[in-house]
Amino acid sequence: MRIYNTLTRRKEEFVPLEEGKVRMYSCGPTVYDYFHIGNARTFLFSDVIRRYLEYKGYEVTLVQNITDIDDKIIQRANELGLDALRLSKEYSEAYLMDAGKLGIRPANIQPRATEHIREIIQLIQQLESKGVAYTVNGDVFYDVNQFPEYGKLSGRTREDVRSGERVAIDERKRDPRDFALWKSAKPGEPKWDSPWGEGRPGWHIECSAMAMTHLGKTLDIHAGGGDLEFPHHENEIAQSEVATGETFARYWIHVAFLRINGTKMGKSDRNFIYIRDALKQHRPEAIRYFLLSAHYRTPLDYNTDRLADAASAVRRLQNCRDTLARLGGEGEIIPEEFSDVDRKLYDRMRLAQQEFEQVMDDDFNTAAALGVLATFRAQINTYLAENESRLHESTPLLVSIEKTMQQMAGVLGIFEEDKNQSTSTTPDIV
RNA sequence: GGCGACGUCGCCAAGCGGUAAGGCCGAGGUCUGCAAAACCUCUAUCGCCGGUUCGACUCCGGCCGUCGCCUCCA
């Protein structure tokens, strides 16, 4: 299996640290609002990676954080006149609910920043003891120039960052790339006691702390949206690797943006569509199909017509599955006793499975995988049409076929309408 | 200004050195009481210009266009 690693800008053979096990961290939401389809692309893709790794037989531990204390949350809470932590609690619950409706399986561990303040403080203290942190009036900053490898993920040099500055420099920083590990509390803000006075964690430190608390010093896979590559992930590396002296994450995966009307769908651009609104109009499998219909490193343009296309494609796949379920019989398949037509279908099933794995092994090519499923569906339907007359008898082959389809579609999560909510989606048409 | 991505059939989208998967839509047909569903058939030479090669959509160079990161953002 090969994965494109942002760190090396190449596809690399995937070999987990510990055989048969994968430690994976996926950057979750900062909960100051509902999440939108663009966010969903990343969350969904992490879910698909996890499912595929499990399909391949790995034991996966997926950790996805919820950042529930942060500048944005405080800002939003102030705007609404609400308590910041209460706001983030509500939105984190909304996140879990919406993600569930989309068919995203909950991570094995879903840590929250506010529940890891102790670990965060310890990590900052470690950084202090290594001489890479400095304090200015209750704020603690990370000194990037103490970490020679700073910039190795994003390829940004000091000059790059300087030349691009469009924001006033914080004069207290020694280097414009330095970033806050701990922020002193302003009146009315949520705060925790610390060696530096009352305050709260900076944005990047909580991911390092939570990842290492639950997965150890070195992760196999770290995934997230492309906009996190710099500075967020770069900073995570800097913090973690200086603290432990070891590689923080071995494979970095970044998901390309979802666009809308040709530009990036983003919160700050105010051009997003909440997933909960999308779910009012489209079935979850259709949204998943749409989001997986392009390779994850290719930008994808949101368009409601594309969602409708996806819905048609999903429906045909599900029709085929339903027919198989209806016709399937009892018993074990005995390939040696197959008739020629059955043999042919059986061989096609094996081939489809082989191709599915081949394209998914190649950096999770979900778009190609959907193509494999479609081709297989057509072959099954042809078989069913040509053998209609004798399909009344028990046909264990069809059970096997259905199971195989179910497995592949299950990795992509496009056959799950039964488990979730088939009830609430479609209004009755009389 | 620095760094990077993308440009393949009407729309979406794989492929990436040996002459283009798949989806959606459309057309014709089979089936059907009608319809739906299903099935069959049909629709591309890959932004432009050069180069490398026996051979390029696939490699190299230039150009055009679109987008992104460099600042909060999945």
Side-chain angles (χ1 to χ4, degrees), chain A residues 6 9 26-30 32-33 35-46 64 67 70-73 75-76 151 154-170 176-177 179 203 223-234 253-259 261-270 272 275 289-303 305-317 319-320 322-323 355 359 362 365-386 388:
Chain A
T6 307
R9 314 266 160 193
S26 170
C27 271
T30 298
Y32 62 94
D33 194 4
F35 73 106
H36 59 67
I37 306 184
N39 302 317
R41 188 182 190 191
T42 302
F43 302 147
L44 173 64
F45 189 66
S46 292
Q64 186 194 40
T67 297
D70 159 272
D71 291 353
K72 286 254 168 194
I73 294 169
Q75 189 188 325
R76 187 85 198 275
S154 59
R156 287 190 205 294
T157 65
R158 184 184 180 119
E159 290 68 34
D160 289 342
V161 174
R162 285 213 155 145
S163 63
E165 261 165 32
R166 293 171 211 166
V167 180
I169 305 170
D170 186 335
R177 298 171 300 173
F179 53 93
W203 173 35
D227 44 3
L228 297 182
E229 184 183 324
F230 186 89
H232 186 57
H233 290 334
E234 192 73 63
I253 294 176
H254 290 96
V255 180
F257 298 119
L258 187 72
R259 297 179 182 171
N261 300 322
T263 59
K264 175 187 170 185
M265 181 180 285
K267 280 280 167 65
S268 29
D269 303 307
R270 316 208 110 277
F272 53 84
I275 201 70
Y289 187 105
F290 164 71
L291 290 173
L292 297 173
S293 68
H295 182 86
Y296 76 91
R297 283 188 286 112
T298 305
L300 175 66
D301 222 299
Y302 172 83
N303 181 317
D305 289 343
R306 298 292 80 74
L307 261 303
D309 292 354
S312 298
V314 166
R315 197 193 61 239
R316 294 182 70 191
L317 246 15
N319 280 341
C320 177
D322 291 345
T323 307
E355 287 174 348
V359 298
D362 185 12
N365 193 338
T366 55
L370 289 170
V372 171
L373 278 178
T375 302
F376 186 36
R377 184 220 70 219
Q379 291 166 343
I380 295 169
N381 281 333
T382 302
Y383 169 93
L384 293 175
E386 286 173 356
E388 206 179 349

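Per chain, numbering begins at 1; letters A, B, ... match sequence-line order.
For the salt bridge (Lys or Arg N to Asp or Glu O under 4.0 Å) test with A:Arg76, the passing option among A:Asp70, A:Asp71, A:Asp33 is A:Asp33; the others fail.
An OP1 or OP2 oxygen of B:rA74 is reached within less than 4.0 angstrom by no side-chain nitrogen or oxygen of A:Ser46. A:Arg377 has a side-chain polar atom (N or O) that falls below the 4.0 Å cut-off from OP1 or OP2 of B:rG23. Look at A:Arg306 and you won't find any side-chain N or O under 4.0 angstrom from OP1 or OP2 of B:rG23. An OP1 or OP2 oxygen of B:rC69 is reached within less than 4.0 angstrom by a side-chain nitrogen or oxygen of A:Lys264. At the phosphate of B:rC12, neither OP1 nor OP2 sits under 4.0 Å from any side-chain N or O atom of A:Asn303. Residue A:Thr382 has a polar side-chain atom (N or O) positioned under 4.0 Å from OP1 or OP2 of B:rC40. An OP1 or OP2 oxygen of B:rC24 is reached within less than 4.0 angstrom by a side-chain nitrogen or oxygen of A:Arg316.
Nucleotides B:rG62 and B:rC73 have their P atoms positioned 35 Å apart, rounded to a whole Å.
The two residues A:Arg306 and A:Asp301 have their closest heavy-atom pair at CG-O, 4.4 Å.
Pairing for B:rU19 is absent, judged as Watson-Crick or G-U wobble with the two contacts each under 3.5 Å. When both distances must be under 3.5 Å, the Watson-Crick or G-U wobble mate of B:rG65 is B:rC6. The partner of B:rA44 is absent, by the rule that a Watson-Crick or G-U pair needs both atom distances under 3.5 Å. Both distances falling under 3.5 Å, in either a Watson-Crick or a G-U wobble arrangement, occur for no nucleotide opposite B:rC34.
Checking A:Glu234 against A:Ser154 by side-chain atom types alone, a donor-acceptor pair falls below 3.5 Å.
Note that CG of A:Leu300 and CG of A:Leu258 are 5.5 Å apart. Values are rounded to the nearest 0.5 Å.
Looking at which nucleotide of RNA chain B each of A:Gly28 and A:Asn365 is closest to, the 5′-most match is held by A:Asn365.
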